[in-house]
A.B. asks: 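Can you read through this structure? Questions will come right after.
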Amino acid sequence: MTQPSDPNIQPPPVNLPPAQAYLPPAPPITEAYGYGQQGVAVAVPGFYVDPTSGLSLPDGTELASVGRRIGAYFLAIPLSIVTLGIGYLIWGLIAWGQGQTPAQQVLGMRCWRPEDRRVASWGWMAMREVVGGIVDGILSLLTEITSFVLMLTRPDRRTLHDLVAGTIVLHDPNKVLANRP
């Protein structure tokens with residue numbers, strides 16, 4: 001091996017210490033680590049940890065059952081007919097402000113954002129209903145079936161449009177979320 005011509009250049013040491021000696025320690029992983037990751041839920045006053053999904057949910061609520069979710073899907077059809085479509089659209093735009101669709105409002109359900117621990121705002125509901133509706137309708141029957149299978153198999157019962165907006169649907173029989181931001 002040849003020596004470098006510049007006397008100021010030193011050859012690297014032969015016995016290098018492990019790489020950990022050169023790196024600072026990693027920061028601790030918190031509950032909010034990463035985007036969209038489900039970490040271990042921590043019990044907070046006013047919340048409980050749902051045993052099936054592991055999500056931290058507000059006291060007095062529960063994940064909406066599959067039957068209730070299917071009921072809301074089919075209830076939207078007669079509600080839109082009775083209100084002549086335009087009334088349903090106006091009702092929907094108003095209900096989005098409370099984190100609900102008209103059918104969810106009738107059945108006592110509300111959309112919740114577990115990452116924010118808040119009821120879904122109007123913007124998140126628009127994302128869920130408009131963008132999520134487009135995603136659901138892209139391949140029509142195939143994406144509808146996929147969405148249904150996701151709801152049946154996921155412990156948090158999220159469908160495609162719930163995944164788009166980061167929401168879950170809660171049954172709120174006592175309206176404890178009605179006055180929450």
Side-chain angles (χ1 to χ4, degrees), residues 29-83 87-133 135-136 144 147-181:
I29 296 176
T30 62
E31 180 185 353
Y33 175 74
Y35 180 75
Q37 294 179 350
Q38 291 182 356
V40 176
V42 178
V44 176
F47 292 86
Y48 73 98
V49 177
D50 181 60
T52 56
S53 67
L55 294 171
S56 181
L57 303 178
D59 288 338
T61 65
E62 62 187 8
L63 280 176
S65 68
V66 171
R68 190 172 287 276
R69 299 279 309 266
I70 293 170
Y73 180 83
F74 286 110
L75 180 62
I77 297 166
L79 286 177
S80 63
I81 292 170
V82 168
T83 59
Y88 187 79
L89 180 65
I90 293 168
W91 182 9
L93 292 173
I94 294 168
W96 287 359
Q98 288 106 34
Q100 297 174 305
T101 64
Q104 287 176 345
Q105 199 169 40
V106 169
L107 294 176
M109 296 187 294
R110 203 173 291 270
C111 290
W112 176 259
R113 292 207 15 102
E115 290 83 12
D116 303 338
R117 287 196 174 129
R118 300 176 65 113
V119 171
S121 65
W122 195 93
W124 287 113
M125 288 302 292
M127 172 82 79
R128 181 181 190 271
E129 297 300 314
V130 176
V131 177
V135 168
D136 262 351
E144 288 289 334
S147 193
F148 182 69
V149 169
L150 284 172
M151 181 179 61
L152 292 176
T153 58
R154 289 180 59 99
D156 56 7
R157 299 188 188 126
R158 289 185 186 193
T159 59
L160 285 175
H161 54 272
D162 288 318
L163 292 170
V164 166
T167 58
I168 57 172
V169 179
L170 298 179
H171 181 221
D172 185 14
N174 301 321
K175 301 183 187 314
V176 296
L177 299 177
N179 298 326
R180 285 185 100 144

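Because only heavy atoms are used, hydrogens play no part in the values below, and waters and symmetry mates are left out as well, while side chains stay in.
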A.B. asks: Restricting to non-hydrogen atoms, name the atom on His161 and the atom on Gly132 that form the minimum distance, rounded to 0.1 Å.
C.D. replies: CB-CA, 3.6 Å

A.B. asks: Do you know the tightest heavy-atom contact between Arg157 and Ala64?
C.D. replies: NH1-O, 3.1 Å

A.B. asks: Please identify which of these residues, Glu62, Arg110, Gln104, meets the side-chain hydrogen bond (donor to acceptor under 3.5 Å, both in side chains) condition with His171.
C.D. replies: Glu62

A.B. asks: Closest approach of Pro114 and Gly166, non-hydrogen atoms and distance?
C.D. replies: CD-O, 3.6 Å

A.B. asks: Is the closest side-chain heavy-atom distance between Arg117 and Trp112 below 4.5 Å?
C.D. replies: yes

A.B. asks: Calculate, to the nearest 0.5 Å, the distance between atoms CG and CD belonging to Leu170 and Gln100 respectively.
C.D. replies: 11.0 Å

A.B. asks: Tell me, do Tyr88 and Val82 make a side-chain contact under 4.5 Å, heavy atoms counted?
C.D. replies: no

A.B. asks: Would you mind reporting whether Ser53 and Ile168 have side-chain heavy atoms less than 4.5 Å apart?
C.D. replies: no

A.B. asks: Kindly compute the distance separating OG1 (Thr167) from CE (Met125), expressed to the nearest 0.5 Å.
C.D. replies: 7.0 Å

A.B. asks: Tell me if a side-chain donor or acceptor on Trp122 pairs with a main-chain N or O of Leu93 at a distance below 3.5 Å.
C.D. replies: yes

A.B. asks: For Leu63 and Pro155, work out which heavy atoms get closest and say how close.
C.D. replies: CD1-O, 3.5 Å

A.B. asks: Taking the side chain as every heavy atom from C-beta outward, state whether Trp124 and Arg118 have any atom pair closer than 4.5 Å.
C.D. replies: no

A.B. asks: Rounded to the nearest 0.5 Å, what's the gap from CG on Leu79 to CZ on Phe74? Could you check?
C.D. replies: 14.0 Å

A.B. asks: Do Thr61 and Asp172 pair up side chain to side chain, a donor and an acceptor below 3.5 Å, judged on atom types alone?
C.D. replies: no

A.B. asks: Would you call Leu57 and Tyr48 a side-chain contact if the rule is heavy atoms closer than 4.5 Å?
C.D. replies: yes

A.B. asks: Indicate the atoms forming the closest heavy-atom contact of Ala95 with Pro102, along with that distance.
C.D. replies: CB-N, 4.3 Å

A.B. asks: In the structure I gave you, are the side-chain heavy atoms of Arg128 and Val169 within less than 4.5 Å of one another anywhere?
C.D. replies: yes

A.B. asks: Between Asp162 and Arg69 (salt bridge meaning N to carboxylate O under 4.0 Å), is one present in this structure?
C.D. replies: yes

A.B. asks: In the structure I gave you, are the side-chain heavy atoms of Val66 and Met151 within less than 4.5 Å of one another anywhere?
C.D. replies: yes

A.B. asks: Looking at OG1 of Thr159 and CG of Leu152, how far apart are the two atoms once the value is rounded to the nearest 0.5 Å?
C.D. replies: 11.0 Å

A.B. asks: First locate atom CG of Leu75, then atom CD1 of Ile70, and finally report the distance between them rounded to the nearest 0.5 Å.
C.D. replies: 13.5 Å

A.B. asks: How long is the gap from OH on Tyr73 to OG1 on Thr101, to the nearest 0.5 Å?
C.D. replies: 12.5 Å

A.B. asks: Using every non-hydrogen atom in the two residues, find where Pro173 and Gly60 come nearest and quote the distance to one decimal.
C.D. replies: CD-O, 3.8 Å

